[in-house]
Each structure stands twice: as structure tokens, then as C-alpha cells.
J.: 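Pasting a structure here, questions to come.
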Amino acid sequence: MTAGKNKNDNDQKGGMQKLLNGIEKLGNKVPHPVLMFLYLIILIVVLSHVLYLFNVSVTEEIVVREPPYTDYEYYNDPSSPGYREEDYQDEKYEYVVEEKTISIRSLLTTEGIRFIFTSFVPNFQGFGVVAVTFIAMMGAGVAEAAGLMSAMIRKLVKVAPRGLITFIIVFVGVVSSVATDAGYLILIPLGAAAFITLRRHPLAGLAAAFAGVSAVFGVNIIFTPIDSMLTEITNEAISLSAGTPLSLAANLFFSIGSSLVMAIVVTWVTDKIVEPRLGKFDFEVYAAEHPEIGDANEFTPEEKRGLKYAVLASLAMIVLVLVLTLPSGAPLRQPEGYVGSSPLLDSLLFIITMLFFVAGVAYGKGAGTFKSSNDIIAAVTKTFQGLAGLMFMFLMIAQFIAYFNFTNMPTVLAISMAGVLETLNVGALPLLIGLILVIMILNIILPGVVPKWAIFAPVFIPIFVRLGVAPQTVLAAYRVGDSPLNVITPLMVYLPFVVTVAQRYDKKSGIGTVIALMLPYAFVVAIAWTLFFVLWFILGIPLGPGYPVSF
């Protein structure tokens with residue numbers, strides 16, 4: 001990144017900018033992520049044995065998932081004679097409440113050492129983000145190599161009001177949680193590319209997209225697979241108090257309101273805090289090194305033809321998906337009509353990847369950037385080659401997460417923090433705020449949205465029910481606490497990918513650069529969203545159709 005023109009921007013920076021610059025410098029002195037996670041693994045090994053020797057354990061009621069009753073696969077033909085409706089109804093996972101004593105397990109016992117050696121390959125093999133990254137980047141890589149990404153972003157920049165570009169990127173990021181990983185792998189590079197097309201700092205676009213995708217992950221304007229899992233766990237916890245189960249719409253109004261308001265907040269942070277701190281980006285130098293960067297106002301006849309082909313190919317792909325989804329008994333249609341476990345939602349990443357792949361090939365044919373099938377294969381190969389360093393980091397991250405979970409330390413810590421909140425003798429609203437703060441802190445070491453709720457729901461749902469607070473309100477508070485700090489936790493599995501994207505525009509970028517970029521989002525979104533929740537609670541606005549904040 002380069003300095004701005006105003007000397008005051010460099011020599012008389014405010015306290016916040018100095019703090020962020022200091023964090024960036026300190027963070028960039030952190031060892032390479034591969035070494036960092038190696039050191040963390042060593043720490044976990046030693047700490048687990050110390051806690052094991054002290055017999056550290058907790059006893060708590062938690063929600064656990066039972067295996068499905070059938071081995072039904074989506075590709076079974078519903079029209080075949082062997083099809084039975086009850087098979088579909090039994091396929092859904094069941095969540096039950098069990099009392100468990102959870103003890104710290106040492107990685108230096110016979111069992112622990114055996115786990116370290118025998119699980120190394122399975123840990124990486126079962127690390128889902130690896131396959132997801134390759135699949136998502138295959139389509140994006142073809143589209144980028146063809147020139148579709150650049151042309152599409154330039155078209156968006158040309159037709160969209162300049163003042164709304166940031167909000168559009170952020171809001172699309174918020175909505176992208178319906179496709180989970182696709183938002184991280186596709187939108188974050190697009191955000192950076194869109195900003196550089198506008199001759200704005202690309203790291204600001206990256207940060208805006210990352211914040212939209214991750215810092216507001218827990219809500220959406222439509223139902224997502226996460227909603228179904230959180231609702232199922234909540235309902236099992238409600239059964240402890242003999243309450244009425246929730247539907248998917250229990251937090252619908254709050255989710256829609258949060259999505260819109262937090263998108264505005266993230267946009268404000270980008271435009272008023274993050275981008276001014278970055279200063280002016282040296283576009284001329286970057287453009288000289290990357291001649292593929294084009295003028296947003298000029299399209300060659302070949303590019304126009306390529307865009308036309310891409311639009312037609314995309315429409316054909318969308319029609320195909322609709323044909324496979326809408327008719328009764330269609331392959332991607334859930335027979336019960338239950339959106340949460342729909343094969344369509346389970347296929348979204350693949351569908352998005354194929355949409356980019358098909359559109360990229362069509363654009364390449366129309367624009368003349370792809371002359372033969374060898375060019376397409378070369379584009380995919382080049383994309384995969386660029387992921388080699390990221391895969392090495394994923395290898396170490398997979399080991400760390402597996403070893404950390406083996407020790408039970410995340411679960412023991414979570415239950416202990418839940419116990420502290422439970423013993424506090426305060427009113428409903430302060431306790432809800434306390435729940436939000438605890439979830440935010442815990443999210444640093446346990447980023448997963450579902451595992452934390454499986455631990456907290458059986459503890460807090462009955463407590464708040466006795467205080468006259470509805471379960472849907474507790475779930476809404478959990479959503480607020482779960483997301484804002486996603487963007488700064490070192491255990492975020494996509495953090496290395498974000499660093500890799502940042503290094504395209506600033507080769508000196510490191511983990512410190514990204515964390516310094518995202519800290520303003522984490523704190524501002526955390527504060528704004530908590531205040532938004534408090535205001536919603538005080539005003540007594542229903543959280544969903546038929547779901548008030550209190551009984």
C-alpha cells in the first residue's frame with residue numbers, strides 16, 4: 001500500500017490508526033502460518049497433559065446428534081417402485097439431550113500419542129474446506145482466466161451508482177451465507193477486483209466482502225441450512241422445559257433487520273475507517289504489471305460478444321437448475337418440502353461453481369480468450385497450482401483443530417463460561433448481553449456456529465424461560481454473539497485464503513495486515529449489533545411471525 005497525498009494522513013494519524021498500524025506490524029512479525037500452527041499444536045500437546053494431570057472435567061447437559069435411521073442418498077429415484085415417503089422422513093438427523101461428564105484428554109498418553117500418529121492423514125482427508133476450495137476455485141479460475149471476472153466487474157461498476165458499490169458488495173456477502181463457503185472463496189476476490197477497477201484500494205474491497213460474508217454470518221434475508229440446524233438444537237433444549245418447538249421463521253424478522261442494518265454498518269466502516277487508513281493505492285504501477293486491467297467505460301466488440309455468450313450460458317444453466325428443482329419429484333427437490341435439508345441447498349456450491357465454469361467457457365469462446373479445450377484445462381491447472389501454499393497451511397490447520405478437539409479443551413472451556421453466566425443473579429436483558437459477550441469471546445477458539453449452540457442451548461434456554469424470555473430471543477442473542485469476531489480469529493479456516501488474496505495487491509501483506517484491516521469491523525459490528533438487539537428487545541418487536549421477544 002502506498003501513502004496518501006495528504007501529509008496529515010501519515011504524520012498526524014489518530015490514535016486508532018496508530019493502533020491498527022501497530023497491530024499490523026506486530027501481526028506481520030508472527031511466524032508463517034504453517035509454523036504458527038505447529039507451535040500451537042506443541043502448546044496444545046503440553047497444556048492438555050497438564051490439565052489431564054489435574055483431572056480437569058465438567059458435567060453438563062448438552063445436545064448431541066443421533067445418526068439417521070436410513071442410509072438414503074439424494075440420487076435415489078423417487079419415482080422408482082422402491083421409493084417410500086417414510087424413508088425421507090427418517091433421514092433427518094435427530095438431536096437429543098444427554099448428561100455427560102467431559103474430561104480433558106491428554107495427547108501425551110498412550111491414547112493421545114496413538115491419535116496423533118494414526119489420525120494425521122484422516123485429519124487432512126476429512127478437512128472439508130480443502131475439497132470446497134478446489135471445487136469453488138475451479139469455476140472461479142476458469143472465469144478469471146477467460147476475462148469474465150474483469151469484464152463482469154467493470155460492467156457492474158459502469159451501471160451501478162459509485163456510492164452504492166461498497167454496500168452492494170457487503171450485502172451480497174451477507175446473503176451469500178446461504179451457500180456457506182462460496183461467499184469466502186468467490187466474493188472476497190471479487191470485492192478486491194471491483195475496488196481496483198474503481199481505482200479504490202483493493203484491500204478495502206477485500207475487507208468489505210470478508211466482513212459481509214463472515215462478520216454478519218449468523219443472519220440472512222432468507223432461510224439457510226444453518227437456520228435448520230440451530231432450530232433443531234433449540235427445540236431439543238426447549239423440550240427440557242416442556243415448551244413449544246420453534247419453526248424456521250422464529251428469527252425471520254430479526255434476521256432480515258439485522259442483515260440490512262449490519263450491511264449499512266459494515267459499509268460505513270469501510271468508507272470511513274478502513275479505506276482512509278489504507279491511503280491511496282498506486283493503480284498505475286499495478287496496471288503496468290497487470291495489463292489485463294481494463295477501462296470500466298470501454299468494451300471491445302470481442303468483450304461485448306463474450307458477455308452476451310456468458311449471459312446466455314448462465315440463463316441456460318439457471319433454467320436447467322429450475323427444471324431439476326421445481327417439478328414434483330425433481331432430483332433437487334426435497335420430497336417433504338422442508339427447505340432446511342433440500343438437495344438444492346446442499347448443491348449450491350457445486351451449482352455456483354458450474355455457473356462460473358459454464359459462463360467462463362462461454363465468455364472465453366465469445367471473446368476469443370479460449371481457443372481450444374486445452375486453454376480451459378490450463379486455466380484450471382494454473383488455478384490449482386496457485387493453491388499449493390494454501391494447501392500446506394490447511395494441512396497444519398487440520399491437525400491443530402483435530403488435536404484441539406481431541407483434548408476436549410474447547411468444550412470444557414465453553415461449559416465453564418456458561419456456568420459463570422448461569423450463576424449471575426441479574427435480570428433478563430443484562431444476562432442476554434452477557435450471553436452475547438461470552439459467545440463473542442468463545443468464538444475466538446471455537447468458531448463453529450453449531451458446536452457452540454449445542455453446548456449453550458440446553459444451559460440457557462431453560463434459564464431464560466424461567467425469566468420469561470422466549471427461546472427465540474435467546475437464539476437471536478446467540479446469532480449476534482456468534483459472528484462479529486469471525487473476521488479476527490486465527491482459527492478461521494479461510495484466513496490463509498484471505499491473506500493469499502491480499503498478497504496479490506500487496507506482497508508484504510500477512511496475517512497482521514488482515515487482522516488490522518478487520519479489527520474495526522469486529523468491534524464496530526459487535527457494538528452496533530448488540531445495541532440493535534437491545535433496542536429490539538426493549539421495543540418488544542416480534543422476532544418472527546408469531547414469535548414475540550417474551551412470553
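The analysis underlying the following values was restricted to heavy atoms, covering all of them including side chains, and did not include hydrogens, waters or symmetry mates. What you are looking at is a predicted structure, and each value in this text was computed from that prediction instead of being measured.
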J.: I would like to know whether Lys382 and Asp375 meet salt bridge (Lys or Arg N to Asp or Glu O under 4.0 Å); could you show each step before the answer?
T.: CA-CA 10 Å; Lys382 181 180 178 181; Asp375 293 333; over 6 Å; no
J.: When you measure from the side chain of Lys371 to the backbone of Gly368, do you find a donor-acceptor pair of N or O atoms at a distance under 3.5 Å?
T.: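 Yes, because the side chain of Lys371 sits within donor-acceptor range (under 3.5 Å) of the backbone of Gly368.
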J.: Search all heavy atoms of Ile169 against all heavy atoms of Phe195 and return the closest pair with its distance.
T.: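 Minimum heavy-atom separation between Ile169 and Phe195: CD1-CE1, 3.7 Å.
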J.: Quick one, Phe124 and Gln399 - any side-chain contact, counting heavy atoms below 4.5 Å?
T.: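 Yes, at least one pair of side-chain atoms sits under 4.5 Å.
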J.: Show your reasoning for whether side-chain contact (heavy atoms from CB on, under 4.5 Å) applies to Val319 and Val323.
T.: CA-CA 6 Å; Val319 169; Val323 169; 4.3 Å; yes
J.: Please report the closest heavy-atom contact between Ile135 and Thr353, naming both atoms and the distance.
T.: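 Minimum heavy-atom separation between Ile135 and Thr353: O-CG2, 2.9 Å.
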J.: Would you say the side-chain atoms of Tyr309 pair up with the backbone N or O of Lys365, donor to acceptor, closer than 3.5 Å?
T.: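 Not a single qualifying donor-acceptor pair exists.
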J.: Of the non-hydrogen atoms in Ala516 and Arg277, which two are nearest, and what is the gap between them?
T.: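 Smallest heavy-atom distance, with atoms named: CB-NH2, 4.0 Å.
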J.: From Asn374 CG over to Thr381 OG1, what is the distance, rounded to the nearest 0.5 angstrom?
T.: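 OG1 of Thr381 is found 10.0 Å from CG of Asn374.
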J.: CZ/Arg479 to CG/Leu230 distance, rounded to the nearest 0.5 angstrom?
T.: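 CG of Leu230 is found 5.5 Å from CZ of Arg479.
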J.: Do you know which two heavy atoms are closest between Leu326 and Ala330, and how far apart they sit?
T.: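 Heavy-atom minimum between the residues: N-CB, 4.4 Å.
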J.: Within the supplied structure, the quantity of interest is the number of heavy atoms (other residues, nucleotides, ligands) at a distance under 6.0 Å from Phe406 CZ; does it exceed 12?
T.: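 Enclosed.
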J.: Checking Thr300 side chain against Glu303 main chain: does a donor-acceptor pair fall under 3.5 Å?
T.: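 Side chain of Thr300 to backbone of Glu303: a pair is present.
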J.: I need the minimum non-hydrogen distance between Met440 and Ala526, along with the two atoms involved.
T.: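 In terms of heavy atoms, the two residues are closest at CE-CB, 3.6 Å.
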J.: Hey, does Met396 have a side-chain heavy atom less than 4.5 Å from the side chain of Ile41?
T.: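 Yes; the side chains approach each other to less than 4.5 Å.
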J.: Rounded to the nearest 0.5 Å, how far does CG of Asn443 lie from CG of Asn486?
T.: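 One finds 4.5 Å between CG of Asn486 and CG of Asn443.
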J.: In sequence, state the C-alpha distance, the side-chain angles, and the governing distance for Phe171 and Ile264, and then conclude on side-chain contact (heavy atoms from CB on, under 4.5 Å).
T.: CA-CA 8 Å; Phe171 189 69; Ile264 294 173; over 6 Å; no
J.: Are Val487 and Phe217 packed together at the side-chain level, in the sense that at least one heavy-atom pair is separated by less than 4.5 angstrom?
T.: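 When only atoms from C-beta onward are counted, Phe217 and Val487 do not touch, as no gap falls below 4.5 Å.
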J.: According to side-chain hydrogen bond (donor to acceptor under 3.5 Å, both in side chains), who are the partners of Ser258, at least two apart in sequence or on a separate chain?
T.: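 side-chain hydrogen bond (donor to acceptor under 3.5 Å, both in side chains) check on Ser258 returns Trp529.
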J.: Without swapping roles, check the side chain of Arg333 against the backbone of Ser328 for a donor-acceptor pair under 3.5 Å.
T.: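 A pair under 3.5 Å: no.
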J.: Kindly indicate whether the side chain of Phe497, heavy atoms from C-beta on, has any atom under 4.5 Å from the side chain of Pro189.
T.: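 They are in contact (side-chain heavy atoms under 4.5 Å apart), so the answer is yes.
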J.: Quick one: does Ile188's side chain get under 4.5 Å of Tyr494's, heavy atoms only?
T.: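 Heavy-atom side-chain distance check fails, nothing below 4.5 Å.
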J.: Report the distance from atom CG of Asp227 to atom CG of Leu252, rounding to the nearest 0.5 Å.
T.: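 Going from the CG atom of Asp227 to the CG atom of Leu252 covers 8.5 Å.
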J.: Whether the Thr369 and Tyr363 side chains hold a donor-acceptor pair (N or O, under 3.5 Å, no angle test) is what I'd like checked.
T.: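 Per modelled atom types, Thr369 and Tyr363 side chains form no pair under 3.5 Å.
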J.: Under a 4.5 Å cut-off applied to non-hydrogen side-chain atoms, are Leu307 and Leu148 in contact?
T.: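 Leu307 reaches Leu148 side chain to side chain.
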J.: Roughly how far, to the nearest 0.5 Å, is CD of Glu275 from CG of Leu517?
T.: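 The distance works out to 11.0 Å.
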J.: Is there a side-chain contact between Phe120 and Tyr403 (heavy atoms, below 4.5 Å)?
T.: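 They are in contact (side-chain heavy atoms under 4.5 Å apart), so the answer is yes.
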J.: If you define the side chain from C-beta out and look only at heavy atoms, does anything of Phe254 sit under 4.5 Å from Val480?
T.: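 Yes. Closest side-chain heavy atoms under 4.5 Å.
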J.: Measure across Val514 and Phe210 and return the closest heavy-atom pair with its distance rounded to 0.1 Å.
T.: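 The pair with the smallest heavy-atom distance is CG1-CE2, 4.3 Å.
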J.: Please check: side-chain N/O of Ser176 versus main-chain N/O of Val213, any donor-acceptor pairing under 3.5 Å?
T.: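 No; judged by distance alone, with no hydrogens or angles, the pair does not exist.
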J.: Before giving the answer on side chain to side chain donor-acceptor pair (under 3.5 Å), spell out for Thr270 and Tyr521 the whole-Å C-alpha distance, their side-chain angles and the decisive distance to 0.1 Å.
T.: CA-CA 8 Å; Thr270 303; Tyr521 295 105; 2.6 Å; yes
J.: Between the side chain of Asn123 and the main-chain N/O of Ser119, is any donor-acceptor distance below 3.5 Å?
T.: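 Checked: pair present.
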J.: Is it true that the side chains of Ser255 and Asn251 contain a donor and an acceptor less than 3.5 Å apart?
T.: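 No.
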J.: Please step through side-chain contact (heavy atoms from CB on, under 4.5 Å) for the pair Asp271 and Arg200, ending with a clear verdict.
T.: CA-CA 11 Å; Asp271 293 341; Arg200 297 174 63 181; 3.0 Å; yes
J.: To the nearest 0.5 Å, tell me how far Ile444 CD1 sits from Thr489 OG1.
T.: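 Result: 5.0 Å between the selected atoms.
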J.: Evaluate side-chain contact (heavy atoms from CB on, under 4.5 Å) for Phe134 paired with Thr383, printing each intermediate quantity in order.
T.: CA-CA 9 Å; Phe134 276 114; Thr383 300; over 6 Å; no
